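Atom set for the values below is all heavy atoms of this structure, side chains included, hydrogens, waters and symmetry mates excluded. Read the numbers this way: they start at 1 and go in the same order the structure lists the ligands and their atoms. Treat the numbers as computed from the prediction; the structure is a model and nothing was measured.
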Amino acid sequence: MTTSITVNGKRHQVDSDTDTPLLYVLRNDLELNGAKYGCGLGQCGACTVHIDGKAVFSCLAPLGAIGERSVRTIEGLGSVDAPGVLQKAFQDEQAAQCGYCIAGMIMRAQTLLDKIPNPSDDEIRDHLQPNLCRCGTHARILRAVRRASDVMAGVAR
Ligand code: FES
Ligand code: FES
């Protein structure tokens with residue numbers, strides 16, 4: 001059955017069962033491989049994307065439930081040649097070790113900065129709580145979000 005979804009501003013026709021997790025559709029059908037499969041159970045955050053601006057676990061979101069809502073993935077924030085502010089801040093702070101959690105971290109952090117452009121460290125920590133990093137680069141991740149916030153405020157480059 002064909003289902004249409006909008007991802008990063010583009011409409012796609014997808015030929016998959018409606019109960020297929022959005023994560024599989026993104027990776028297997030649309031070749032958007034930024035979101036990662038970690039647990040498949042809503043417990044790690046590696047698969048985090050936005051649906052209508054909210055951070056969701058794409059491993060738990062069935063294709064058929066997306067409807068007209070807009071999906072945004074890490075690929076929608078920027079590219080290797082033209083990274084978005086948050087992506088650049090993660091690079092500058094060398095916040096990735098293995099990198100597996102990073103796309104999900106960035107997507108969740110982006111929803112915080114969209115709402116609170118200058119969050120406190122506690123707000124950043126609280127907001128990123130659902131996303132796990134097995135490498136333990138939390139201090140760098142926090143610094144990266146702080147840096148992105150400062151760049152947006154014009155007090156850092
Ligand atoms: Fe979705 Fe872990 S893969 S939360
Ligand atoms: Fe390896 Fe976070 S950098 S899991």
Side-chain angles (χ1 to χ4, degrees), residues 3 5-8 12 14 16-67 69-115 119-151 156:
T3 305
I5 53 168
T6 302
V7 182
N8 300 330
H12 298 271
V14 178
S16 286
D17 288 346
T18 51
D19 59 358
T20 307
L22 174 61
L23 177 63
Y24 298 179
V25 172
L26 294 173
R27 294 180 58 85
N28 301 338
D29 296 282
L30 305 183
E31 296 181 3
L32 295 168
N33 293 311
K36 299 285 184 282
Y37 180 94
C39 63
L41 298 168
Q43 291 177 357
C44 74
C47 65
T48 305
V49 302
H50 299 173
I51 298 182
D52 273 357
K54 290 203 178 75
V56 300
F57 299 134
S58 61
C59 67
L60 296 183
L63 171 64
I66 309 299
R69 294 179 296 162
S70 268
V71 177
R72 183 160 63 157
T73 69
I74 188 84
E75 291 87 351
L77 297 192
S79 63
V80 173
D81 294 334
V85 173
L86 205 39
Q87 291 168 317
K88 171 92 170 48
F90 270 68
Q91 285 172 357
D92 290 344
E93 293 293 343
Q94 296 278 290
Q97 195 173 107
C98 79
Y100 207 78
C101 69
I102 295 297
M105 287 284 183
I106 290 177
M107 293 312 281
R108 187 166 300 275
Q110 184 67 52
T111 59
L112 175 65
L113 296 182
D114 287 345
K115 213 167 45 177
S120 67
D121 286 356
D122 280 348
E123 284 172 320
I124 298 170
R125 272 192 213 97
D126 279 359
H127 190 83
L128 293 180
Q129 202 72 38
N131 289 50
L132 307 180
C133 172
R134 291 171 64 102
C135 298
T137 68
H138 300 90
R140 287 175 181 223
I141 289 170
L142 188 107
R143 282 209 299 274
V145 179
R146 174 88 284 125
R147 176 191 277 264
S149 167
D150 289 348
V151 169

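- Excluding waters, the count of protein N/O/S atoms less than 2.8 Å from atom 1 (Fe) of ligand 1 comes to 2.
- Taking Asp122 as the reference, Arg125 meet the salt bridge (charged side-chain N to carboxylate O under 4.0 Å, His left out) condition, with sequence neighbours excluded.
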Is there a side chain to side chain contact (heavy atoms under 4.5 Å, CB included) between Met107 and Leu77 once you walk through the steps?
-> CA-CA 9 Å; Met107 293 312 281; Leu77 297 192; 3.6 Å; yes
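- Within the 4.5 Å cutoff, the side chain of Cys133 has heavy atoms near those of the Met105 side chain.
- Taking 4.5 Å as the limit, every side-chain heavy atom of His50 sits out of range of all side-chain heavy atoms of Val56.
- A donor-acceptor pair shorter than 3.5 Å cannot be found between the side chains of Arg72 and Asn8.
- Of all protein N/O/S atoms, those under 2.8 Å from atom 1 (Fe) of ligand 2 are Cys98 SG, Cys135 SG, and waters are not counted.
- Side chains of Val145 and Phe90 form a contact here, defined as non-hydrogen atoms less than 4.5 Å apart.
- Listed here is the closest heavy atom pair of Lys54 and Thr111: C-CG2, 4.2 Å.
- Checked against salt bridge (charged side-chain N to carboxylate O under 4.0 Å, His left out), Arg143 has the following partners two or more places apart in sequence or in another chain: Glu93.
- Ion pairing between a basic and an acidic side chain is recognised when a charged N comes within 4.0 Å of a carboxylate O; Arg146 and Asp92 show no such pairing.
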